[in-house]
Amino acid sequence: MSELTIKSALILPMTETHKCFEGYVRIKDGLIENVTEGAPLDDDKNEESIDAAGCVLMPGLVNAHTHLYQVLLRAVWEDLELMPWLRRIYGSAQVLRPEHFYAGSLLGCVEAIRSGVTTVCEHNFLNPSAECAFETLRAIQGSGLRAVFARTIMDSGEIVPECVKEKPDAAFRHIENILAKHDRSADLSFMTGPNTPPINTTPSLLREIRRFADDKSLGISAHVAESKSVVECVQREHGKNGVVEFLQEFGIPGPNSIFAHSVHISSDEIVLLKQSGTSVSHNPVSNMMLGDGVAPVVEMLRQGVNVALGTDGAASNHSQDLFDTMKAASLLQKVHHQDAGVIDPYSVLHMATIGGAKALGLASICGTIEVGKRADLILVDIETVHSQPINDIFSQIVHCAKASDIRTVMVNGEILMRDRKLTRHDEKQILGDARQVHRDLMTRLTSLSF
Ligand SMILES: [Zn+2]
């Protein structure tokens with residue numbers, strides 16, 4: 001039995017709009033046992049405690065869409081639109097090896113932890129060999145992060161190399177193998193999905209994915225309407241107005257589905273998302289980097305669509321920093337609508353915490369500070385020159401705080417970083433290993449032409 005009390009914190013529980021108070025949180029066996037204003041009355045000097053004076057205590061951030069290994073590919077292919085960029089990303093599968101996925105994913109996890117992320121959704125889509133997915137999972141599990149592993153499928157597409165095109169039955173066997181070798185739990189859950197329909201998925205695969213997902217009780221993760229070119233493809237080849245409308249034909253939208261991007265969607269499609277209970281992962285930095293466009297986040301929120309936040313992979317971000325993403329999400333909507341009041345900071349924080357948890361089917365597990373939930377918590381130092389003085393804590397967490405302000409990170413009450421020091425791993429070792437596989441990957445990439 002383990003007990004820990006975090007005292008003297010400014011608590012942002014994310015349970016109701018603008019609620020914050022000075023208080024303490026008691027954790028027992030990984031669960032939040034008590035959330036109370038003021039100081040503990042029964043202060044036990046022998047009990048383990050953290051003095052969090054000068055810090056905000058808030059739910060750990062949820063990165064609802066990423067590709068962790070892509071930290072190895074930061075700034076490799078720049079200044080490209082989605083399709084020529086994707087041709088290179090997909091093409092790299094010809095030289096990617098399991099060791100790249102392990103070392104890259106572990107470095108990605110460490111970057112996530114150091115920026116206050118406690119849950120990641122790894123949208124997995126390049127598996128030149130079955131071992132690649134296993135190595136990604138080994139890195140994630142070793143990191144201590146809560147995770148959703150979305151093992152998605154591609155079966156077509158001119159820009160997709162043969163080594164990652166799969167027949168549905170073979171792909172489903174691979175996923176069944178992954179499920180057989182991992183316990184499904186609140187710490188690690190699974191999804192499947194089409195990768196980027198319709199540019200790399202046939203209608204028959206979409207039909208099969210819905211059947212398989214229902215059969216195995218899996219959620220669905222997909223890249224949806226990321227750029228205009230994807231919408232033009234669905235119009236040209238399938239006679240549909242948009243990607244969401246197209247996916248509706250195969251029952252892909254649903255309460256256990258998360259659509260990354262959803263940039264080029266119509267108001268009718270937003271209604272479809274709301275009616276089906278589909279969540280969206282908004283990835284503003286990636287969308288800006290690739291010049292995709294601006295997702296209709298304000299319209300989706302007004303319609304009651306659940307919106308989460310994601311970094312996307314570092315090949316299009318170029319980081320795993322969700323604080324950067326929060327600030328970008330806020331400012332992008334303000335400038336797009338030419339209306340400074342069009343989105344408020346609390347809504348952005350909501351997307352990065354409980355919105356993400358809900359999107360990943362984890363709303364009863366994490367995303368808020370509430371009695372009975374898992375202790376997935378972070379301490380953010382606000383005694384910094386860029387955060388002081390405090391006038392509006394929600395705005396200042398979104399617009400002033402930086403990833404480097406995260407002092408302590410815990411998942412299930414286990415401290416993964418204490419006072420900026422990792423507890424499970426040697427950071428120098430992880431960096432060294434990542435540099436080594438990076439050198440190997442860069443050499444291998446020179447053998448490809450795009
Ligand atoms: Zn992505």
d(Phe172 CZ, Leu205 CG) to nearest 0.5 Å is 6.0 Å

Looking at residues at least two apart in the chain, or sitting in another chain, which of them share a side chain to side chain donor-acceptor pair (under 3.5 Å) with Arg435? none

Beyond-backbone contact of Asp29 with Ser2, side-chain heavy atoms, under 4.5 angstrom: yes

Any pair counted as ring-ring contact (aromatic ring centres under 6.0 Å, His included), so long as it reaches residues 282-340, sequence neighbours left out: none

Is it true that Arg146 and Asp376 have a side-chain N and a carboxylate O under 4.0 angstrom from each other? yes

Neighbour count >12 (heavy atoms, 6.0 Å) for atom NZ, Lys274: no

Quick one: does any side-chain atom of Asp312 pair with a main-chain N or O of Asn283 as donor and acceptor, under 3.5 Å? no

Tell me the closest heavy-atom pair linking Pro194 and His123, and the distance in Å. O-CE1, 4.4 Å

Quick one: pull up CG in Asn34 and CD1 in Ile27 and give me the separation to the nearest 0.5 Å. 11.0 Å

Just jot down the side chain to side chain contact (heavy atoms under 4.5 Å, CB included) partners of Arg207, sequence neighbours excluded, or say none. Phe250

Name the atoms and distances for all side-chain donor-acceptor pairs under 3.5 Å in residues 389-401, with sequence neighbours left out.
unit_1 : atom_1 : unit_2 : atom_2 : d
Asp392 : OD1    : Phe394 : N      : 3.1
Asp392 : OD1    : Ser395 : N      : 3.1
Ser395 : OG     : His399 : ND1    : 3.0
Gln396 : OE1    : Asn391 : N      : 2.6
Gln396 : OE1    : Asp392 : N      : 2.9
Gln396 : NE2    : Ser387 : O      : 2.7
Gln396 : NE2    : Pro389 : O      : 3.1
His399 : ND1    : Ser395 : O      : 3.2
His399 : NE2    : Ser330 : OG     : 2.8

Might you point out which heavy atoms bring Met154 and Leu126 nearest each other, and give the distance in Å? CE-CD2, 3.9 Å

Under 3.5 Å, is there a donor-acceptor pair between the side chain of Asn306 and the main chain of Gly355? yes

Just wondering, more than 12 heavy atoms not from Asp183 lying within 6.0 Å of its CG? no

Determine which pairs satisfy ring-ring contact (aromatic ring centres under 6.0 Å, His included) with at least one residue from residues 256-276, sequence neighbours left out, and list them in order. His65-His261, His223-His261

Could you tell me whether Arg151 and Glu166 have a side-chain N and a carboxylate O separated by less than 4.0 Å? yes

Nearest 0.5 angstrom please: Asn127 CG to Thr136 OG1, how far? 7.0 Å

Considering residues at least two apart in sequence or located in another chain, which fulfil the side chain to side chain donor-acceptor pair (under 3.5 Å) criterion with Asp51? none

With sequence neighbours excluded, tell me which residues meet salt bridge (Lys or Arg N to Asp or Glu O under 4.0 Å) with Lys358. none

Please state whether the rings of Tyr69 and Phe101 are parallel, tilted or perpendicular, taking 30° and 60° as the class boundaries. tilted

Applying salt bridge (Lys or Arg N to Asp or Glu O under 4.0 Å) to Glu427 and not counting sequence neighbours gives Arg114

Is the shortest heavy-atom distance from the side chain of Ile343 to the side chain of Leu301 under 4.5 Å? yes

Can you list the residues that meet the side chain to side chain donor-acceptor pair (under 3.5 Å) rule with Ser316, with sequence neighbours excluded? Ser286

Any donor-acceptor pair under 3.5 Å linking the side chain of Ser189 with the backbone of Ala186? no

With a 4.5 Å heavy-atom cut-off, do Leu349 and Met326 have their side chains touching? yes

Side chains of Phe134 and Ile178: does their closest heavy-atom pair fall under 4.5 Å? yes

May I ask you to decide whether Arg302 forms a salt bridge with Glu299, counting only side-chain N to carboxylate O separations under 4.0 Å? no

Give the intermediate values and the outcome of salt bridge (charged side-chain N to carboxylate O under 4.0 Å, His left out) for residues Arg173 and Glu176. CA-CA 5 Å; Arg173 271 199 306 279; Glu176 283 169 345; over 6 Å; no

Main-chain N/O of Ile175 paired with Lys216 side-chain donor or acceptor, under 3.5 Å: no

Glu269 side chain to Ser266 main-chain N or O, any donor-acceptor pair under 3.5 Å? yes

Quick one: list whatever passes salt bridge (Lys or Arg N to Asp or Glu O under 4.0 Å) with Arg211, sequence neighbours left out. Glu208

Atom CD1 in Ile252, atom OG in Ser257: separation rounded to 0.5 Å? 7.0 Å

For Asp292 and Val263, indicate whether the former's side chain and the latter's backbone hold a donor-acceptor pair under 3.5 Å. no

Apply side chain to side chain contact (heavy atoms under 4.5 Å, CB included) to Ala315 and list each qualifying residue two or more places apart in sequence or on a separate chain. Gln70, Leu73, Trp85, Ile89

Contact between Val35 and Glu370 at the side-chain level, heavy atoms closer than 4.5 Å - yes or no? no

Report yes if the side chains of Asn63 and Leu309 come closer than 4.5 Å at any heavy-atom pair, otherwise no. no

Just wondering, do Asp321 and Thr325 contact through their side chains at under 4.5 Å, heavy atoms? no

Does either side chain, that of Asn412 or that of Asp187, offer a donor lying less than 3.5 Å from an acceptor on the other one? yes

Expected output: side-chain Thr423 to main-chain Ile415 donor-acceptor under 3.5 Å: yes

Please report the interatomic distance CG(Leu145) to CG(Leu188), rounded to the nearest 0.5 Å. 11.5 Å

Using a strict cut-off of less than 4.0 Å between a Lys/Arg side-chain nitrogen and an Asp/Glu carboxylate oxygen, indicate whether Glu111 and Arg74 qualify as a salt bridge. yes

Member of Glu3, Glu33, Glu47 meeting the salt bridge (Lys or Arg N to Asp or Glu O under 4.0 Å) criterion with Arg26: Glu47

When you compare the side chain of Val271 with that of Gln275, does any pair of heavy atoms fall below 4.5 Å? yes

Do other residues, nucleotides or ligands put more than 12 heavy atoms under 6.0 Å from the CZ atom of Arg424? yes

Can a salt bridge be assigned to the pair Arg97 and Glu131 using a cut-off of 4.0 Å between side-chain N and carboxylate O? no

Side-chain donor or acceptor of Gln333 paired with backbone N/O of Ala295 under 3.5 Å: yes

Take Lys7 and Glu48 through the test salt bridge (charged side-chain N to carboxylate O under 4.0 Å, His left out) and record every step on the way to the result. CA-CA 11 Å; Lys7 304 173 192 171; Glu48 195 188 346; over 6 Å; no

Would you say the side-chain atoms of Asp381 pair up with the backbone N or O of Glu383, donor to acceptor, closer than 3.5 Å? yes

Under 3.5 Å, sequence neighbours excluded: what are the donor-acceptor pairs made by side chains of residues 8-20?
none

Taking every non-hydrogen atom, the tightest pair across Ser143 and Ile140: OG-O, 2.6 Å

Interatomic distance, CG@Leu422 vs SG@Cys109, rounded to 0.5 Å, equals 11.0 Å

Strictly distance-based, threshold 3.5 Å: is any side-chain N or O of Ser276 a donor or acceptor partner for the main-chain N or O of Leu273? yes

